[in-house]
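Here is how names work: the chains are called A, B, and so on, in the same order as the sequence lines, proteins then strands, and each is numbered from 1. Atoms considered below: every heavy atom in the structure, side chains included; atoms not considered: hydrogens, waters and symmetry mates. In this text the structure is predicted, and so the values were computed from the model without any measurement.
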Amino acid sequence: MIQVRYFAAAREASGTPAEEVSGPTTTGALRAALSARHGPDLGDVLPKCALLVAGARAATDETPVPDGATVDVLPPFAGG
Amino acid sequence: MTDVSTVTDTVLAESVTRAVEEAVAAPECGAVVTFRGVVRDDDGGRAVTGLDYEAHPDAAAVLRKVCQAVGTETGLRVAAVHRYGHLEVGDVALVAAASAGHRKEAFEACSLLVERIKAEVPIWKKQQFTDGESEWVGL
């Protein structure tokens with residue numbers, strides 16, 4: 001399984017701070033699966049989010065997501 | 001020099017600003033520039049009552065890395081503390097400081113540090129408006 005953690009606007013849109021999805025997969029397929037699971041609220045936010053796979057920012061939709069990995073869904077940063 | 005740099009949910013009082021400034025001070029530094037980011041009562045014409053900041057569990061580590069990177073790139077001392085949690089108008093959200101021999105380099109390093117913190121540290125904020133609505137900033 002893959003552990004998905006949602007932050008800020010992504011957590012609000014998904015309605016959960018974290019959940020498990022089946023793996024392995026790719027970042028593109030994971031985005032599609034999460035959008036399908038949570039509907040348009042997350043679907044609007046997710047394209048603006050970066051995915052952090054096991055601590056590294058995924059550069060493309062083809063980035064592998066191994067089974068057991070933690071994926072963070074990160075909306076655009078807004079500190080300061 | 002960057003030991004003081006962190007994120008915290010406690011109020012950024014004057015003592016925190018002093019600690020950040022002292023972390024960058026040095027006998028050869030004739031210029032210490034400090035930036036304070038403060039919650040504003042307005043965003044694009046809408047009245048704001050407060051901001052809710054959220055920090056990723058790695059935010060403190062990333063903030064320290066950013067301070068180290070800016071310090072290495074500029075060859076200067078820099079430090080910063082970022083707050084999270086609920087802040088009211090007028091509350092300090094960020095204290096960032098840089099020092100140099102002379103003011104120009106210190107101003108530039110402090111500005112660079114703030115830009116890099118905003119771009120790279122995983123922190124988010126939600127604006128609360130007076131009409132009861134709220135909105136995540138940057139989405």
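The two residues B:Ala93 and A:Gly80 have their closest heavy-atom pair at CB-O, 4.2 Å. Taking every heavy atom of both residues into account, A:Arg5 and B:Pro57 meet most closely at NH1-CG, 4.2 Å.
Contacts of B:Ile117 with chain A are absent, with no heavy-atom separation under 4.5 Å from either backbone or side chain. Contacts between B:Val137 and chain A at a heavy-atom distance below 4.5 Å involve backbone atoms as well as side-chain atoms. For a residue to count as touching a neighbouring chain, one of its non-hydrogen atoms must lie under 4.5 Å from one of that chain's; by this rule B:Ile123 touches chain A with backbone and side chain alike. Only the backbone of B:Ala119 comes within less than 4.5 Å of a heavy atom in chain A; its side chain stays farther off.
Residues B:Val78 and B:Val33 do not share a hydrophobic cluster, defined by chaining ILVMFWY side chains whose heavy atoms lie under 4.5 Å apart. In this structure, B:Val48 is not a member of the same hydrophobic cluster as B:Tyr84, with clusters built from ILVMFWY side-chain heavy atoms closer than 4.5 Å. Neither B:Trp124 nor B:Leu51 shares a network with the other; the hydrophobic side chains, linked directly or stepwise wherever heavy atoms of I, L, V, M, F, W or Y lie under 4.5 Å apart, form separate groups for each. Linking Ile, Leu, Val, Met, Phe, Trp and Tyr whenever their side-chain heavy atoms come within less than 4.5 Å leaves B:Phe129 and B:Val39 in two separate clusters. Grouping the Ile, Leu, Val, Met, Phe, Trp and Tyr side chains by contacts below 4.5 angstrom, directly or via other members, places B:Val89 with B:Leu94.
A donor-acceptor pair under 3.5 Å is formed between the side chain of B:Lys125 and the backbone N or O of A:Ala78.
By the neighbour-count criterion of 12 heavy atoms within 6.0 Å, atom CZ of B:Arg46 is densely surrounded, having more than that number from other residues, nucleotides or ligands.
Chain A forms the most heavy-atom pairs under 4.5 Å with one residue out of B:Val38, B:Leu139, B:Asp52, B:Asp58, and that residue is B:Leu139.
Residues of residues 63-77 of chain A placed with any heavy atom under 4.5 Å of a heavy atom in chain B are listed by number as A:Asp72, A:Leu74, A:Pro75, A:Pro76, A:Phe77.
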